[in-house]
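For reference, the structure is listed below as C-alpha coordinates.
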Amino acid sequence: RQEIERTLVYAMGIFMTAVTMVVPTRAPMVLGIKKGDAAATARMMGMMSSCAAALELFLNPLFGRLSDKYGRKPFMLLAPSVNAFLHTLVALFPTRLPVTFVDRMISGAMIFCFASPVNAALTDVYGTGEQLTQKLSRAQKFFGLGCAVGPLIGAKLGGARSFLVSSLVFTATISWVLSKLPETLTDERRKEFDITACSPVRFLKLFRERTRATLTATIGLQSFGDYVNIYDINFLYLKTIFGYGQEQVGNFATAVGVTQLINGDIMKRMTARLGRKGSTALANAFWAAAMVTLGASRKAWQIGVALSLMAFGHQRAVPVSGYLQHHGQVGAKMGAAEIEAAKANFTAVLKVVVPLLYGNMFAWATSRGRNIPGAPYYFIAFLTMFSHLTFTSIDPDAAPQSD
(Lines give C-alpha, C1' and ligand atoms only; values in the text may rest on other atoms or scores of the structure.)
Protein backbone atom coordinates (compact mmCIF):
# COMPACT_ATOMS: atom_id res chain seq x y z
CA ARG A 1 0.00 0.00 0.00
CA GLN A 2 2.82 2.39 0.80
CA GLU A 3 4.39 1.86 -2.62
CA ILE A 4 1.09 2.61 -4.38
CA GLU A 5 0.59 5.70 -2.22
CA ARG A 6 4.11 6.89 -3.02
CA THR A 7 3.51 6.43 -6.73
CA LEU A 8 0.22 8.35 -6.57
CA VAL A 9 1.54 11.32 -4.61
CA TYR A 10 4.67 11.58 -6.76
CA ALA A 11 2.46 11.53 -9.85
CA MET A 12 0.43 14.38 -8.36
CA GLY A 13 3.61 16.37 -7.78
CA ILE A 14 4.95 15.86 -11.30
CA PHE A 15 1.59 16.64 -12.89
CA MET A 16 1.11 19.86 -10.90
CA THR A 17 4.66 20.96 -11.70
CA ALA A 18 3.68 20.82 -15.36
CA VAL A 19 0.35 22.58 -14.73
CA THR A 20 1.75 25.48 -12.71
CA MET A 21 4.78 26.01 -14.91
CA VAL A 22 2.62 28.27 -17.08
CA VAL A 23 0.90 30.11 -14.20
CA PRO A 24 3.34 33.07 -14.21
CA THR A 25 3.54 33.20 -18.01
CA ARG A 26 0.00 32.80 -19.36
CA ALA A 27 -1.45 36.04 -17.96
CA PRO A 28 1.48 38.17 -19.25
CA MET A 29 1.03 36.57 -22.68
CA VAL A 30 -2.67 37.48 -22.68
CA LEU A 31 -1.82 40.95 -21.34
CA GLY A 32 0.53 41.40 -24.29
CA ILE A 33 -2.12 40.25 -26.75
CA LYS A 34 -4.53 42.73 -25.12
CA LYS A 35 -1.90 45.49 -25.49
CA GLY A 36 -1.45 46.08 -21.77
CA ASP A 37 -5.14 46.49 -20.84
CA ALA A 38 -5.32 44.95 -17.33
CA ALA A 39 -9.12 45.16 -17.03
CA ALA A 40 -9.63 43.46 -20.43
CA THR A 41 -7.07 40.82 -19.45
CA ALA A 42 -8.92 40.17 -16.17
CA ARG A 43 -12.17 39.63 -18.06
CA MET A 44 -10.53 37.38 -20.66
CA MET A 45 -8.75 35.25 -18.05
CA GLY A 46 -12.04 34.94 -16.18
CA MET A 47 -13.77 33.83 -19.37
CA MET A 48 -11.11 31.17 -19.98
CA SER A 49 -11.44 29.78 -16.46
CA SER A 50 -15.24 29.80 -16.62
CA CYS A 51 -15.22 27.87 -19.90
CA ALA A 52 -12.86 25.33 -18.33
CA ALA A 53 -15.32 24.89 -15.48
CA ALA A 54 -18.23 24.50 -17.92
CA LEU A 55 -16.33 21.73 -19.70
CA GLU A 56 -15.73 20.02 -16.36
CA LEU A 57 -19.48 19.78 -15.89
CA PHE A 58 -19.60 17.21 -18.69
CA LEU A 59 -16.23 15.51 -18.22
CA ASN A 60 -16.29 14.90 -14.45
CA PRO A 61 -19.38 12.66 -14.23
CA LEU A 62 -18.45 10.82 -17.42
CA PHE A 63 -14.88 10.09 -16.35
CA GLY A 64 -15.97 9.36 -12.77
CA ARG A 65 -18.38 6.62 -13.85
CA LEU A 66 -15.94 5.23 -16.39
CA SER A 67 -13.24 5.18 -13.70
CA ASP A 68 -15.49 3.14 -11.38
CA LYS A 69 -15.92 0.66 -14.24
CA TYR A 70 -12.52 0.54 -15.97
CA GLY A 71 -10.17 1.69 -13.21
CA ARG A 72 -8.19 4.74 -12.18
CA LYS A 73 -5.04 4.35 -14.26
CA PRO A 74 -6.48 5.06 -17.76
CA PHE A 75 -7.77 8.45 -16.63
CA MET A 76 -4.52 9.35 -14.93
CA LEU A 77 -2.93 8.85 -18.35
CA LEU A 78 -5.54 10.75 -20.33
CA ALA A 79 -5.19 14.14 -18.63
CA PRO A 80 -1.42 14.61 -19.07
CA SER A 81 -1.64 13.32 -22.66
CA VAL A 82 -4.22 15.95 -23.61
CA ASN A 83 -2.35 18.72 -21.80
CA ALA A 84 0.99 17.84 -23.39
CA PHE A 85 -0.55 18.17 -26.86
CA LEU A 86 -2.30 21.48 -26.10
CA HIS A 87 0.73 23.10 -24.45
CA THR A 88 2.82 22.18 -27.47
CA LEU A 89 0.33 24.07 -29.67
CA VAL A 90 0.62 27.18 -27.47
CA ALA A 91 4.42 26.95 -27.66
CA LEU A 92 4.14 26.92 -31.45
CA PHE A 93 1.56 29.75 -31.64
CA PRO A 94 2.13 31.96 -28.57
CA THR A 95 0.46 35.10 -29.96
CA ARG A 96 -2.76 33.40 -31.11
CA LEU A 97 -5.44 34.12 -28.51
CA PRO A 98 -7.81 31.35 -29.76
CA VAL A 99 -5.05 28.75 -29.26
CA THR A 100 -4.34 30.02 -25.74
CA PHE A 101 -8.05 30.16 -24.98
CA VAL A 102 -8.69 26.55 -26.04
CA ASP A 103 -5.60 25.37 -24.16
CA ARG A 104 -6.64 27.14 -20.94
CA MET A 105 -10.20 25.84 -21.25
CA ILE A 106 -9.34 22.18 -21.80
CA SER A 107 -6.13 21.91 -19.76
CA GLY A 108 -7.89 23.64 -16.84
CA ALA A 109 -10.62 21.00 -16.93
CA MET A 110 -7.99 18.25 -17.03
CA ILE A 111 -6.56 19.23 -13.62
CA PHE A 112 -9.52 17.66 -11.85
CA CYS A 113 -9.83 14.84 -14.37
CA PHE A 114 -6.40 13.84 -13.02
CA ALA A 115 -6.84 14.69 -9.34
CA SER A 116 -10.18 12.86 -8.98
CA PRO A 117 -8.85 9.39 -9.92
CA VAL A 118 -5.80 9.99 -7.69
CA ASN A 119 -8.12 10.64 -4.73
CA ALA A 120 -10.32 7.70 -5.72
CA ALA A 121 -7.26 5.43 -5.90
CA LEU A 122 -6.21 6.48 -2.38
CA THR A 123 -9.77 5.68 -1.24
CA ASP A 124 -9.48 2.25 -2.90
CA VAL A 125 -6.33 1.57 -0.89
CA TYR A 126 -7.12 3.17 2.49
CA GLY A 127 -10.92 3.19 2.83
CA THR A 128 -12.89 6.18 4.16
CA GLY A 129 -11.70 6.61 7.77
CA GLU A 130 -9.23 8.92 9.55
CA GLN A 131 -6.32 7.34 7.68
CA LEU A 132 -7.72 8.51 4.35
CA THR A 133 -7.67 12.13 5.55
CA GLN A 134 -3.96 11.81 6.34
CA LYS A 135 -3.22 10.24 2.95
CA LEU A 136 -5.22 12.89 1.09
CA SER A 137 -3.24 15.50 3.02
CA ARG A 138 -0.03 13.89 1.83
CA ALA A 139 -1.28 13.99 -1.76
CA GLN A 140 -2.07 17.67 -1.27
CA LYS A 141 1.46 18.15 0.08
CA PHE A 142 2.86 16.96 -3.25
CA PHE A 143 0.22 19.04 -5.03
CA GLY A 144 1.81 21.96 -3.20
CA LEU A 145 5.32 20.83 -4.10
CA GLY A 146 4.36 20.93 -7.76
CA CYS A 147 2.82 24.37 -7.25
CA ALA A 148 6.11 25.54 -5.74
CA VAL A 149 8.50 24.12 -8.32
CA GLY A 150 6.42 24.75 -11.46
CA PRO A 151 6.10 28.56 -11.27
CA LEU A 152 9.77 28.91 -10.34
CA ILE A 153 10.81 27.08 -13.50
CA GLY A 154 8.16 28.74 -15.66
CA ALA A 155 9.11 32.27 -14.60
CA LYS A 156 12.73 31.60 -15.53
CA LEU A 157 11.80 30.14 -18.92
CA GLY A 158 9.13 32.69 -19.83
CA GLY A 159 6.55 32.72 -22.61
CA ALA A 160 6.43 29.94 -25.18
CA ARG A 161 9.37 28.05 -23.68
CA SER A 162 7.47 27.49 -20.43
CA PHE A 163 4.66 25.80 -22.38
CA LEU A 164 7.09 23.60 -24.29
CA VAL A 165 8.90 22.41 -21.17
CA SER A 166 5.55 21.94 -19.43
CA SER A 167 4.49 19.56 -22.21
CA LEU A 168 7.68 17.55 -21.60
CA VAL A 169 6.90 17.30 -17.88
CA PHE A 170 3.38 16.08 -18.72
CA THR A 171 5.07 13.40 -20.82
CA ALA A 172 7.17 12.47 -17.77
CA THR A 173 3.93 12.08 -15.79
CA ILE A 174 2.65 9.64 -18.40
CA SER A 175 5.86 7.63 -18.20
CA TRP A 176 5.77 7.52 -14.39
CA VAL A 177 2.15 6.33 -14.19
CA LEU A 178 2.62 3.76 -16.96
CA SER A 179 5.70 2.22 -15.40
CA LYS A 180 4.98 2.44 -11.68
CA LEU A 181 1.25 2.35 -10.94
CA PRO A 182 -0.81 -0.85 -10.69
CA GLU A 183 -4.57 -0.62 -10.97
CA THR A 184 -6.08 0.01 -7.53
CA LEU A 185 -9.73 -0.77 -8.32
CA THR A 186 -10.46 -4.41 -7.55
CA ASP A 187 -12.94 -6.42 -9.62
CA GLU A 188 -15.47 -6.73 -6.82
CA ARG A 189 -15.59 -2.92 -6.39
CA ARG A 190 -16.17 -2.14 -10.07
CA LYS A 191 -19.54 -0.64 -10.95
CA GLU A 192 -21.38 -1.04 -14.23
CA PHE A 193 -21.25 1.99 -16.48
CA ASP A 194 -24.54 3.86 -16.61
CA ILE A 195 -24.72 6.66 -19.18
CA THR A 196 -27.79 8.10 -17.43
CA ALA A 197 -25.59 8.72 -14.39
CA CYS A 198 -23.30 10.99 -16.42
CA SER A 199 -25.51 14.04 -16.26
CA PRO A 200 -23.76 17.38 -15.61
CA VAL A 201 -26.07 17.77 -12.62
CA ARG A 202 -25.23 14.37 -11.17
CA PHE A 203 -23.90 16.17 -8.10
CA LEU A 204 -27.54 16.71 -7.09
CA LYS A 205 -27.46 13.15 -5.75
CA LEU A 206 -25.24 14.48 -2.97
CA PHE A 207 -28.05 16.81 -1.91
CA ARG A 208 -30.70 14.14 -1.30
CA GLU A 209 -29.85 13.77 2.38
CA ARG A 210 -29.10 16.58 4.84
CA THR A 211 -25.64 15.58 6.08
CA ARG A 212 -24.29 14.90 2.59
CA ALA A 213 -25.90 18.11 1.32
CA THR A 214 -24.31 20.17 4.10
CA LEU A 215 -20.87 18.62 3.57
CA THR A 216 -21.13 19.29 -0.17
CA ALA A 217 -22.24 22.87 0.40
CA THR A 218 -19.32 23.37 2.78
CA ILE A 219 -16.84 22.19 0.17
CA GLY A 220 -18.47 24.43 -2.42
CA LEU A 221 -18.16 27.53 -0.24
CA GLN A 222 -14.56 26.65 0.63
CA SER A 223 -13.72 26.25 -3.07
CA PHE A 224 -14.16 29.97 -3.75
CA GLY A 225 -10.71 30.43 -2.23
CA ASP A 226 -9.00 27.50 -3.96
CA TYR A 227 -5.70 28.41 -5.56
CA VAL A 228 -6.86 27.36 -9.03
CA ASN A 229 -9.67 29.91 -8.73
CA ILE A 230 -7.50 32.85 -7.71
CA TYR A 231 -4.12 32.46 -9.41
CA ASP A 232 -5.19 34.52 -12.44
CA ILE A 233 -6.44 37.37 -10.26
CA ASN A 234 -3.25 37.15 -8.18
CA PHE A 235 -1.22 38.29 -11.20
CA LEU A 236 -3.41 41.32 -11.82
CA TYR A 237 -3.50 42.25 -8.14
CA LEU A 238 0.26 42.03 -7.72
CA LYS A 239 0.90 43.92 -10.95
CA THR A 240 -1.57 46.68 -10.06
CA ILE A 241 -0.47 47.18 -6.44
CA PHE A 242 3.22 46.33 -6.54
CA GLY A 243 4.09 46.64 -10.22
CA TYR A 244 5.30 43.04 -10.23
CA GLY A 245 6.35 41.47 -13.51
CA GLN A 246 6.46 37.86 -14.65
CA GLU A 247 9.43 36.81 -12.51
CA GLN A 248 8.13 38.38 -9.29
CA VAL A 249 4.68 36.85 -9.83
CA GLY A 250 6.41 33.52 -10.45
CA ASN A 251 8.24 33.89 -7.14
CA PHE A 252 4.94 34.63 -5.39
CA ALA A 253 3.34 31.55 -6.97
CA THR A 254 6.32 29.49 -5.82
CA ALA A 255 5.92 30.86 -2.29
CA VAL A 256 2.23 29.88 -2.36
CA GLY A 257 3.29 26.40 -3.44
CA VAL A 258 5.72 26.21 -0.53
CA THR A 259 2.89 27.09 1.86
CA GLN A 260 0.84 24.26 0.34
CA LEU A 261 3.76 21.91 0.91
CA ILE A 262 4.12 23.02 4.54
CA ASN A 263 0.37 22.74 5.07
CA GLY A 264 0.50 19.04 4.22
CA ASP A 265 2.48 18.34 7.41
CA ILE A 266 0.58 20.90 9.48
CA MET A 267 -2.81 19.49 8.49
CA LYS A 268 -1.69 15.95 9.25
CA ARG A 269 -0.62 16.99 12.74
CA MET A 270 -3.73 19.12 13.34
CA THR A 271 -5.99 16.24 12.31
CA ALA A 272 -4.16 13.79 14.57
CA ARG A 273 -4.34 16.17 17.54
CA LEU A 274 -7.67 17.95 17.06
CA GLY A 275 -9.63 15.51 14.92
CA ARG A 276 -11.26 16.33 11.62
CA LYS A 277 -13.71 18.88 13.00
CA GLY A 278 -11.11 20.80 14.97
CA SER A 279 -8.61 20.90 12.12
CA THR A 280 -11.31 22.16 9.76
CA ALA A 281 -12.16 25.02 12.14
CA LEU A 282 -8.54 26.16 12.42
CA ALA A 283 -7.83 25.83 8.71
CA ASN A 284 -10.90 27.88 7.77
CA ALA A 285 -9.98 30.62 10.25
CA PHE A 286 -6.41 30.85 9.01
CA TRP A 287 -7.50 30.94 5.35
CA ALA A 288 -9.97 33.76 5.98
CA ALA A 289 -7.28 35.72 7.82
CA ALA A 290 -4.82 35.10 4.97
CA MET A 291 -7.26 36.44 2.38
CA VAL A 292 -8.02 39.61 4.37
CA THR A 293 -4.30 40.21 4.91
CA LEU A 294 -3.47 39.67 1.24
CA GLY A 295 -6.28 41.97 0.09
CA ALA A 296 -5.07 44.72 2.42
CA SER A 297 -1.38 44.32 1.53
CA ARG A 298 0.47 47.40 0.34
CA LYS A 299 3.96 46.40 1.42
CA ALA A 300 6.01 43.26 0.76
CA TRP A 301 6.11 42.26 4.45
CA GLN A 302 2.32 42.13 4.50
CA ILE A 303 2.40 39.62 1.65
CA GLY A 304 4.80 37.60 3.79
CA VAL A 305 2.29 37.59 6.65
CA ALA A 306 -0.49 36.49 4.28
CA LEU A 307 1.68 33.64 2.98
CA SER A 308 2.46 32.52 6.53
CA LEU A 309 -1.25 32.35 7.31
CA MET A 310 -1.91 30.38 4.10
CA ALA A 311 0.40 27.64 5.39
CA PHE A 312 -2.34 26.68 7.86
CA GLY A 313 -5.35 26.80 5.55
CA HIS A 314 -4.86 25.27 2.11
CA GLN A 315 -6.27 21.86 2.97
CA ARG A 316 -9.35 23.10 4.82
CA ALA A 317 -11.60 20.94 2.61
CA VAL A 318 -9.67 17.66 3.04
CA PRO A 319 -11.35 16.53 6.30
CA VAL A 320 -14.75 17.52 4.92
CA SER A 321 -14.05 15.45 1.78
CA GLY A 322 -13.19 12.46 3.96
CA TYR A 323 -16.55 12.77 5.72
CA LEU A 324 -18.32 13.08 2.36
CA GLN A 325 -16.66 9.91 1.05
CA HIS A 326 -17.87 7.99 4.11
CA HIS A 327 -21.45 9.28 3.97
CA GLY A 328 -21.61 8.91 0.18
CA GLN A 329 -20.33 5.33 0.05
CA VAL A 330 -22.24 4.02 3.08
CA GLY A 331 -25.40 6.08 2.84
CA ALA A 332 -25.88 6.59 -0.91
CA LYS A 333 -23.99 3.47 -2.12
CA MET A 334 -21.91 5.62 -4.48
CA GLY A 335 -18.46 4.62 -5.77
CA ALA A 336 -15.37 6.52 -4.62
CA ALA A 337 -14.70 7.98 -8.07
CA GLU A 338 -18.38 8.78 -8.53
CA ILE A 339 -18.32 10.82 -5.33
CA GLU A 340 -15.11 12.59 -6.37
CA ALA A 341 -16.60 13.35 -9.77
CA ALA A 342 -19.87 14.62 -8.29
CA LYS A 343 -17.99 16.81 -5.84
CA ALA A 344 -15.76 18.15 -8.62
CA ASN A 345 -18.83 18.79 -10.75
CA PHE A 346 -20.45 20.85 -8.04
CA THR A 347 -17.34 22.98 -7.62
CA ALA A 348 -17.14 23.21 -11.42
CA VAL A 349 -20.64 24.74 -11.48
CA LEU A 350 -19.35 27.37 -9.08
CA LYS A 351 -16.18 27.85 -11.12
CA VAL A 352 -18.25 28.80 -14.15
CA VAL A 353 -19.21 31.89 -12.18
CA VAL A 354 -16.24 32.44 -9.85
CA PRO A 355 -13.49 33.56 -12.31
CA LEU A 356 -15.90 35.87 -14.14
CA LEU A 357 -17.06 37.20 -10.78
CA TYR A 358 -13.50 37.89 -9.62
CA GLY A 359 -12.46 39.40 -12.95
CA ASN A 360 -15.41 41.76 -13.05
CA MET A 361 -15.15 42.48 -9.32
CA PHE A 362 -11.49 43.46 -9.77
CA ALA A 363 -12.28 45.59 -12.83
CA TRP A 364 -15.10 47.36 -10.96
CA ALA A 365 -13.02 47.86 -7.80
CA THR A 366 -10.15 49.49 -9.72
CA SER A 367 -12.05 51.72 -12.15
CA ARG A 368 -13.82 55.12 -12.02
CA GLY A 369 -11.79 56.31 -9.07
CA ARG A 370 -12.39 53.21 -6.95
CA ASN A 371 -9.33 51.74 -5.26
CA ILE A 372 -10.36 48.44 -3.66
CA PRO A 373 -8.17 45.91 -5.52
CA GLY A 374 -8.43 43.48 -2.60
CA ALA A 375 -12.22 43.13 -3.00
CA PRO A 376 -12.09 39.52 -4.34
CA TYR A 377 -9.97 38.44 -1.36
CA TYR A 378 -12.34 40.04 1.17
CA PHE A 379 -15.23 38.22 -0.50
CA ILE A 380 -13.36 34.90 -0.23
CA ALA A 381 -12.72 35.50 3.50
CA PHE A 382 -16.43 36.04 4.10
CA LEU A 383 -17.43 32.86 2.24
CA THR A 384 -14.75 30.83 4.03
CA MET A 385 -16.17 31.73 7.43
CA PHE A 386 -19.71 31.15 6.17
CA SER A 387 -18.58 27.68 5.03
CA HIS A 388 -17.60 26.89 8.60
CA LEU A 389 -20.95 28.00 9.94
CA THR A 390 -22.49 25.62 7.40
CA PHE A 391 -20.21 22.77 8.47
CA THR A 392 -21.01 23.18 12.16
CA SER A 393 -24.75 22.90 11.50
CA ILE A 394 -24.51 19.09 11.33
CA ASP A 395 -22.69 16.25 13.11
CA PRO A 396 -20.55 14.59 10.41
CA ASP A 397 -19.59 11.79 12.83
CA ALA A 398 -23.20 10.60 13.00
CA ALA A 399 -24.12 7.35 11.26
CA PRO A 400 -24.66 7.80 7.49
CA GLN A 401 -28.29 7.90 6.36
CA SER A 402 -29.73 6.54 3.13
CA ASP A 403 -31.66 8.71 0.69
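Start at 1 with the first residue, then count along the sequence. Note that the structure is a prediction, hence the values are computed from the model and not measured.
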Atom of Thr20, atom of Pro24 and distance for their closest heavy-atom approach: O-CD, 3.5 Å

Contact between Pro94 and Phe163 at the side-chain level, heavy atoms closer than 4.5 Å - yes or no? no

Check whether any side-chain heavy atom of Arg104 lies under 4.5 Å from a side-chain heavy atom of Val22, and answer yes or no. no

Would you find a donor on one side and an acceptor on the other, under 3.5 Å apart, between the side chain of Ser387 and the backbone of Thr384? yes

Selection residues 252-261 - residue pairs positive for side-chain hydrogen bond (donor to acceptor under 3.5 Å, both in side chains), sequence neighbours left out: Thr259-His314

Spacing of CG belonging to Leu294 relative to CG belonging to Asn234, to within rounding of 0.5 Å: 6.5 Å

More than 12 heavy atoms of other residues, nucleotides or ligands under 6.0 Å from CZ of Phe58: yes or no? no

Any side-chain heavy-atom pair from Thr7 and Glu3 closer than 4.5 angstrom? yes

Looking only at heavy atoms, which two atoms of Pro74 and Glu183 are closest? And how far apart? CD-OE1, 3.9 Å

Looking at Ser107 and Arg26, what are the two nearest heavy atoms and their distance? OG-NH2, 4.0 Å

Might you point out which heavy atoms bring Pro117 and Phe75 nearest each other, and give the distance in Å? CG-CB, 4.2 Å

Is the shortest distance from a Lys or Arg side-chain nitrogen in Lys351 or Asp226 to a carboxylate oxygen in the other one below 4.0 Å? no

For a 4.5 angstrom cut-off between non-hydrogen side-chain atoms, does Gln329 reach Thr123? yes

Verify side-chain contact (heavy atoms from CB on, under 4.5 Å) between Phe391 and Leu215, making sure each step is shown before the conclusion. CA-CA 6 Å; Phe391 179 62; Leu215 293 169; 3.9 Å; yes

If you compare all heavy atoms of Ala398 against all heavy atoms of His327, which two are closest, and at what distance to 0.1 Å? O-CE1, 3.3 Å

In the structure I gave you, are the side-chain heavy atoms of Ile219 and Gln222 within less than 4.5 Å of one another anywhere? yes

Please report the shortest heavy-atom distance between His326 and Pro400, naming the atom on each side. NE2-CG, 3.5 Å

Does OH belonging to Tyr70 count more than 12 external heavy atoms closer than 6.0 Å? no

Carefully, step by step, assess Val125 and Glu5 under the rule side-chain contact (heavy atoms from CB on, under 4.5 Å). CA-CA 8 Å; Val125 176; Glu5 179 204 356; over 6 Å; no

So, Ser223 and Thr347: side-chain donor and acceptor under 3.5 Å apart, yes or no? no

Lys35 side chain to Gly32 backbone, donor-acceptor under 3.5 Å: no

Are the side chain of Arg370 and the backbone of Trp364 linked by a donor-acceptor contact shorter than 3.5 Å? yes

Any idea how Phe382 and Phe386 line up, ring-wise: parallel (<30°), tilted (30 to 60°), or perpendicular (>60°)? parallel

With sequence neighbours excluded, residues passing side-chain contact (heavy atoms from CB on, under 4.5 Å) with Ala84: Ser167, Phe170, Thr171

Between Thr211 and Pro396 (side chain of the first, backbone of the second, donor and acceptor by atom type, cut-off under 3.5 Å), is there such a pair? no

Donor-acceptor contact present, side-chain Lys73 to main-chain Leu178, <3.5 Å: yes

Of all residues at least two apart in sequence or in a different chain, which pass the side-chain contact (heavy atoms from CB on, under 4.5 Å) check with Phe224? Leu350, Val354, Tyr358, Phe379, Leu383

Quick one: pull up CD1 in Ile241 and CG in Leu236 and give me the separation to the nearest 0.5 Å. 11.0 Å

side-chain hydrogen bond (donor to acceptor under 3.5 Å, both in side chains) partners of residues 149-158, not counting sequence neighbours, each pair once: Lys156-Glu247

Keeping Gln248 on the side-chain end and Gly245 on the backbone end, is there a donor-acceptor pair under 3.5 Å? yes

Interatomic spacing from NZ in Lys34 to CG in Leu97 - rounded to 0.5 Å: 6.0 Å

Working for side-chain contact (heavy atoms from CB on, under 4.5 Å), residues Ile111 and Met16: CA-CA 8 Å; Ile111 295 174; Met16 288 309 301; 4.3 Å; yes

State the CG-CH2 distance between Asn263 and Trp287, to the nearest 0.5 angstrom. 8.5 Å

If we only count heavy atoms from C-beta on, is the Asn119 to Gln325 side-chain gap below 4.5 Å? no

Measure the shortest side-chain to side-chain distance between Met310 and Ile262 over non-hydrogen atoms and say whether it is less than 4.5 angstrom. no

Parallel, tilted or perpendicular, as decided by the 30° and 60° cut-offs, for the rings of Phe203 and Phe346: tilted

What distance do Trp176 atom CH2 and Leu181 atom CG have between them, rounded to the nearest 0.5 Å? 10.0 Å

Quick check against the 3.5 Å criterion: does Arg189 have a side-chain atom that pairs as donor or acceptor with the backbone of Thr186? no

Counterpart residues, salt bridge (Lys or Arg N to Asp or Glu O under 4.0 Å), relative to Arg190 (two or more places apart): Asp187

Using only atom types and a distance under 3.5 Å, with no angle test, would you say the side chain of Arg72 pairs donor to acceptor with the backbone of Ser67? yes

With a 4.5 Å heavy-atom cut-off, do Lys191 and Met334 have their side chains touching? no

From NZ (Lys141) to NZ (Lys268), nearest 0.5 Å: 7.5 Å

For Ile174 and Ser81, run side-chain contact (heavy atoms from CB on, under 4.5 Å): C-alpha distance rounded to whole Å, both residues' side-chain angles, the deciding distance at 0.1 Å, then the answer. CA-CA 7 Å; Ile174 297 168; Ser81 300; 3.3 Å; yes

Measure up the Phe312 and Phe286 rings against each other and bin them: parallel (under 30°), tilted (30 to 60°), perpendicular (over 60°). parallel

Sorted by first residue and then second, give each side-chain hydrogen bond (donor to acceptor under 3.5 Å, both in side chains) pair with at least one member in residues 298-308; sequence neighbours left out. Tyr237-Arg298

Would you find a donor on one side and an acceptor on the other, under 3.5 Å apart, between the side chain of Asn284 and the backbone of Thr280? yes

